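Below: one structure, written as structure tokens.
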Amino acid sequence: MSSKSIRHQILMDLAGEAMSPPEKLQRVEFGENTFNDRVMREKLPKDVYKKLIKTIQAGEKLDLGIANAVAHAMKEWAISKGVTHFTHWFQPQTGLTAEKHDSFYELETDGQVIERFKGDQLVQGEPDASSFPSGGMRTTFEARGYTMWDPSSPAFIIDGPNGGGILCVPSVFISYTGEALDKKTPLLRSMEAINRAALRALRLFGNKTANRVVPTVGTEQEYFLIDKRFFNLRPDLRISGRTLIGAEPPKGQQLEDHYFGTIKERVLAFMQDAEHELYRLGVPAKTRHNEVAPHQYEIAPIFAELNVGADRNQLIMEVLKKVANRHGLALLLHEKPFKGINGSGKHNNWSIADSEGNNLLDPGKTPEENLQFLVFLVSVLRAVYNYGDLLRASIASASNDHRLGANEAPPAIMSVFLGERLTEILDDIKAGKEIKRTEEFIIDLGISKLPSILRDNTDRNRTSPFAFTGNRFEFRALGSSASISMANTMLSAAVADSIDIILNDIQSELEKGKEFKAAVLNALRKHIIETEPIRFEGNNYSKEWEEEAERRGLPNIKRTGYALSSFIDPKNVAMLERQKVFYKEELDARYHTKLEQYVKTLDIEVDTLCDIVRTQILPAAIQYQTELATALKESHAVAAIVNDLDLKPVSQTLKNVNTAIKKLSERCQKLCELLKEGLAIEDVEKQARFFSDHVVDQIEAVREPADELESILPDNLWPLPKYSEMLFIL
Ligand code: ADP
Ligand code: MG
């Protein structure tokens, strides 16, 4: 069957398919597949339960003395739910999650098989880690890696397709000498940094009761859905996650009525099914809606403590993929699956909360509370101002470059949006001295007005990469397919460092004999003035902002090959070491891993693209070229007898096809040469930059004549599903 007839068949199927109503979902208990507090209380001896909770709350390592009891209870609970295997579930530097399943079965000396799960198996695992990227670190330290349970994130069960589930133990992955080989370890360390710095701030403001402060995170995950059959017919989507060619659909199909529109039944059935699974896994999916682009959607859970939130986002991505597949759908997490159509990101809502449940980025009710709020707020400003380049690096990838470098959702320039009122207040504090108002006056005038003002602050700037949204910051530049760990690690570390520095400044003002409020305001003023260039309230997509940002000296690094070097910038290394979040060797390792991943991604794209061009596009185009030439030849004979036979359209089309074929094969040839040249470069940093400078643009250059051919060739010759088919029919 020709490709066209296959495509045709799918379209007919989709039109005529009376969707068999999905099975009614059974009511489930929230978190029933997690080893959560309720289960632990029920299954564990009281003293073990108490010790475990203390460990979890203090964010400490598990006491091996209770590990056996916990492991036993966990195993009994899991077996009662049909589990046969367990795995340490961890996040290597690939950004995916890794698991290696082991069954509970063990052979006794008498040949009997029994089910066993010992404390040491729970606490520590040894995956064969040699094939995970480590950026050369394992060889540096000659250390093998092992995984270790992170008790602050609950263990959970993934159902196997035939019953028989898998017990997943959320873990960190470290080398024997303690270096982080994964994304989770630095994330936990950054939480510790926030805890230490923010508690110090709370104490300074007289809070003696809170005993822990944690970053909180809520992710708005965007994705595309298309029919699986179309997906299967597109090698580019299958292999590289995005369409490497594909002409934009005719205007008019991209009506902007998709956003928040009615969710189609087939999609809703998928969403309900996915949420059902997520509920069982204790992931509180809260919001779902259509996104801006056709076939684009969003899911957001209720926020959680950072490490739990990060684990949950990984689970969300995995569950969505799996469930989509069950529904005959392909889930696309790529940042830019379709050219000319809005890409996908992940809005990362970030705040800090104390152990008494107070959101520390929520303005308080009294001037004192507001003053404390301002210390945290300005700390975030300072973090983005000083470490914007590091934040940019933390979200850099080949796929995210399509959003950040282009004219859509967050640009590569990091800036902060605060809203009109908060801006006014900071301006007041800044102006304090010049207009000779007393400190008291400023507090009365500005800060005590904060809570009511901000609550009404619906002022939203959708173009800002980093926006204050009333009681939290929304970091919008994260890629949809990425793990959220790296961005949050860097953000939390940088904020912790800024809190430290601002507190030191307050301290020295106090030592100079300043009264408390004046000391705080003086310290804040200095940082408000210093960080002013990072604040921007206008349209972040505009050309003017790009120029203005340059005048302000803000970096605007559009491509990953360059953006990543901030990982090893001495200023950033010093901060991360100061905060005990990353060590130099670990950063070097990540830098290398990310460079390698970048090159590999582009290498795969080039191979895939050239293959499609050579084996599908060019043959189709040449077939049409031949048909046209034959037609033209035969038409000349007819023209001799038929008057007014206009052969221009045929000859013009033939010319257009000729030109496009020539362009396509020449450009494809050049791309292959560039790839070869790039792959021969030994230094990976130089190599990545070469790919950024030459390969990325050439991929787009190849696409242009291919897309042109799509708009010329007869539909029945076109070998691939088109945007108009994939994106407008579900
Ligand atoms: P919007 O689209 O208006 O930005 P959504 O409701 O789609 O809002 O998503 C907001 C996200 O922010 C949710 O995941 C929510 O739980 C999260 N969030 C709310 N408060 C906080 C907080 N204090 N810390 C972290 N995340 C938060
Ligand atoms: Mg939203």
Side-chain angles (χ1 to χ4, degrees), residues 30 187 190-191 194-195 198 210 212-223 258-261 263 271 274-275 278-279 281-293 296-317 319-320 342 344-364 369 372-373 376-377 379-380 383 409-410 416-419 451 454-478 480 484-485 487-489 491-492 495-496 540:
F30 180 75
L187 186 81
S190 78
M191 291 176 73
I194 283 284
N195 180 43
R212 191 163 161 75
V213 176
V214 287
T216 51
V217 73
T219 46
E220 301 164 53
Q221 173 74 49
E222 293 180 336
Y223 59 92
H258 183 69
Y259 190 53
F260 279 20
I263 300 173
M271 286 176 167
E275 283 167 14
L278 288 167
Y279 264 63
L281 288 167
V283 180
K286 167 102 172 130
T287 312
R288 60 176 176 226
H289 59 74
N290 288 354
E291 261 302 328
V292 181
Q296 192 187 30
Y297 308 91
E298 180 185 294
I299 179 170
I302 297 172
F303 69 94
E305 291 190 12
L306 180 49
N307 61 327
V308 175
D311 281 356
R312 285 182 180 166
N313 185 249
Q314 294 299 130
L315 277 177
I316 287 176
M317 293 193 285
V319 167
L320 288 181
N342 240 48
S344 299
K346 185 141 52 191
H347 291 183
N348 187 87
N349 293 268
W350 183 96
S351 188
I352 38 180
D354 71 16
S355 48
E356 301 180 319
N358 300 306
N359 178 353
L360 301 178
L361 284 174
D362 203 349
E369 285 177 13
Q372 178 189 300
F373 158 75
F376 290 122
L377 182 90
S379 298
V380 177
V416 181
F417 169 84
L418 287 182
L454 285 176
R455 226 152 268 152
D456 307 335
N457 185 5
T458 46
D459 191 5
R460 290 276 186 109
N461 181 330
R462 287 276 163 201
T463 68
S464 175
F466 205 99
F468 186 70
T469 51
N471 62 2
R472 60 186 186 269
F473 278 95
E474 193 169 323
F475 186 15
R476 301 188 176 129
L478 279 76
S480 47
I484 66 164
S485 292
N488 283 287
T489 301
L491 175 60
S492 304
V495 172
N540 285 259

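All ligand and atom numbering here is 1-based and tracks the order in the structure. Computed from a prediction, not measured in an experiment: that's the story for all the values here.
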Checklist entry - Got a donor-acceptor contact below 3.5 angstrom from the Ser480 side chain to the Ser344 backbone? => result yes
Item to check | Glu474 and ligand 1 - part of the residue with a heavy-atom distance under 4.0 Å | outcome: side chain
Checklist entry - Does the distance from a Lys or Arg side-chain N to an Asp or Glu carboxylate O, for Glu275 and Arg288, drop under 4.0 Å? => result yes
Checklist entry - Quick check: does Asn349 get an N/O under 3.5 Å from an N/O on ligand 1? => result yes
Next on the checklist: With a cutoff of 4.0 Å, is His289 in contact with ligand 1, counting heavy atoms of the residue only?
Outcome noted: no
Checklist outcome for this item: Closest to atom 15 (C) of ligand 1 by heavy-atom distance, out of Ser351, Ala300, Gly470, Pro301, is Pro301
Next on the checklist: Exactly one of Leu360, Leu377, Asn358 should register a side-chain contact (heavy atoms from CB on, under 4.5 Å) with Gln372. Which one does?
Outcome noted: Leu360
Checklist entry - Ignoring hydrogens and geometry, is there a side-chain-to-backbone donor-acceptor pair from Arg476 to Ser464 under 3.5 Å? => result yes
Checklist outcome for this item: Quick look: Asn359 vs ligand 1, heavy-atom contacts under 4.0 Å, and the answer is side chain
Checklist entry - Listed by chain and number, what are the ring-ring contact (aromatic ring centres under 6.0 Å, His included) partners of Phe473, not counting sequence neighbours? => result Phe466, Phe468
Item to check | Atom indices of ligand 1, in the order listed, that fall short of 4.0 Å to a heavy atom of Ile302 | outcome: 16 (O)
Next on the checklist: I'd like to know if the side chain of Glu298 reaches the main chain of Gln221, judged simply by a donor and an acceptor atom lying under 3.5 Å from each other, with no hydrogens or angles considered.
Outcome noted: no
Checklist entry - Considering only heavy atoms, does His347 approach ligand 1 within less than 4.0 Å through its side chain, its backbone, both, or neither? => result neither
Item to check | Subset of ligand 1 atoms that lie under 4.0 Å from at least one heavy atom of Glu298 | outcome: 7 (O)
